[in-house]
Amino acid sequence: MTTPAPIPIAVPDLRGNEAAYLARCVEDNWVSSAGPFVSEMERRIAEISGAAHGVATINGTAGLHLALLAAGIGPGDRVLVPDWTFGASANAVFHAGAEPFFADITRESWTLDPDVTERLLQHSENRIRAVIAVHALGHPAKLEALSAACRDAGVVLIEDAAGALGACYCGRPVGGFGDFAVFSFNGNKTVTAGGGGMVVTGDSQAAERMRRLSAQARLAPAYSHDEIAFNYRMTNLNAAVGLAQLERLNEMLAAKRALAAEYDQALAGRADLTPMPRQDWAESSNWLYAVLCPATAEASALVAHLAVRAIDSSIFWLSLSEQAPYANCPRQLSGVSRDISGRVVVLPSSSSLSSGDQARVVAALFEWRGSTPTGGAA
Ligand SMILES: Cc1ncc(COP(=O)(O)O)c(C=O)c1O
């Protein structure tokens with residue numbers, strides 16, 4: 001029996017002008033951290049997210065770090081971070097010299113709980129000066145309630161929109177709600193630049209400061225510096241790939257939407273594999289499609305079941321407050337993040353996934369524990 005070709009979770013979909021734009025970088029000799037594609041990428045992402053300014057960075061984590069610094073966050077401050085997110089959201093807080101304060105997510109969207117946030121922000125002794133609202137797996141956080149809570153408390157709102165380019169909250173693109181928002185263009189994102197990030201903001205002074213901080217705070221043209229800074233600037237090569245990708249953004253978002261709809265249909269009626277919740281107020285970017293298993297052991301077994309069929313899947317984020325590097329951080333948990341931690345499995349979600357390969361994944365899900373679907377084709 002021949003082994004079927006492996007199906008990855010999320011791979012770059014480079015079927016546009018990527019090679020042509022990279023060749024242009026070589027021809028024009030703009031390959032490093034300056035060049036026309038970088039500023040064009042900044043303009044395009046700002047435009048897509050409805051923000052006035054974009055600042056391109058080498059990755060999303062660096063973008064979060066710069067946003068925190070531009071917000072004036074530093075030692076002695078705390079930043080509210082959902083307990084169920086990628087480590088980068090909390091690591092950036094440490095990079096800024098501050099401390100994450102972990103709060104729980106809601107069962108309805110797996111994003112930061114606005115009620116818990118509001119309560120925590122009302123108490124100044126919590127020392128929370130910023131909130132990082134993560135749009136989990138591309139599904140927007142409840143932005144209206146979170147921005148109202150932050151506004152009332154005089155606290156900065158940063159959207160961690162790493163995987164959420166193209167997502168909308170009540171019809172408005174994510175990225176334009178917070179004081180800052182950060183996108184990632186890592187290789188596993190819908191739009192990749194090979195690696196890269198973008199901070200968007202409506203604050204021109206903050207944008208200017210982040211741009212300076214990303215380039216060693218060097219006062220051109222002389223080698224004088226006005227603060228200690230970083231080498232965080234995106235390269236023209238990365239921006240070339242990113243811009244080519246953006247030309248196909250709508251096509252790739254539509255492909256992800258169709259994949260999600262197909263999985264939804266295949267899983268309808270299954271109690272053992274529950275699709276990630278989606279809310280009416282959110283239009284997810286469908287970055288990654290995830291299912292919730294009844295227990296952590298079942299999640300591991302599902303990953304193994306798919307692996308023997310050459311299908312990649314992964315147990316996704318684990319509660320951060322439970323892990324050694326974050327063990328001493330303050331937290332306010334109602335139990336949702338701990339409850340889903342280790343039970344969420346991400347399925348193949350590439351925008352280039354063929355219908356034949358998705359059918360293979362669906363067939364493998366049908367075979368899982370012999371469950372039979374009550375909806376869709378059996
Ligand atoms: C929620 C979240 N925040 C931040 C990041 C960090 O982005 P990057 O890998 O570009 O540094 C990621 C990356 O996947 C992420 O998922």
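Any value given below was found using the heavy atoms of this structure, including those in side chains, with hydrogens, waters and symmetry copies removed. Note that ligands are numbered from 1 as they come in the structure, with each ligand's atoms numbered from 1 the same way.
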| task | Answer yes or no: does atom CD of Gln205 have more than 12 heavy-atom neighbours from other residues, nucleotides or ligands under 6.0 Å? | result | no
| remark: Output for ligand 1, non-hydrogen cut-off under 4.0 Å, lists Asn59, Gly60, Thr61, Thr85, Phe86, Ala88, Ser89, Val134, Asp160, Ala162, Ser184, Asn186, Lys189, Gly196, Trp287, Trp317
| said: Looking only at the aromatic ring of each residue, does the gap between the centers of His135 and Tyr169 stay below 6.0 angstrom? | reply: no
| query | Does NZ or CZ of Arg331 come closer than 6.0 Å to the centre of the six-membered ring of Phe101, within 45° of the ring's axis? | reply | no
| Does a side chain donor of either Asp13 or Ser352 reach within less than 3.5 Å of an acceptor in the other side chain? | no
| query | Is Glu40 salt-bridged to Arg44, going by a charged N under 4.0 Å from an acidic O? | reply | no
| Hydrophobic cluster (4.5 angstrom, side-chain heavy atoms) - remaining members for Leu22 | Leu14, Val31, Leu237, Val241
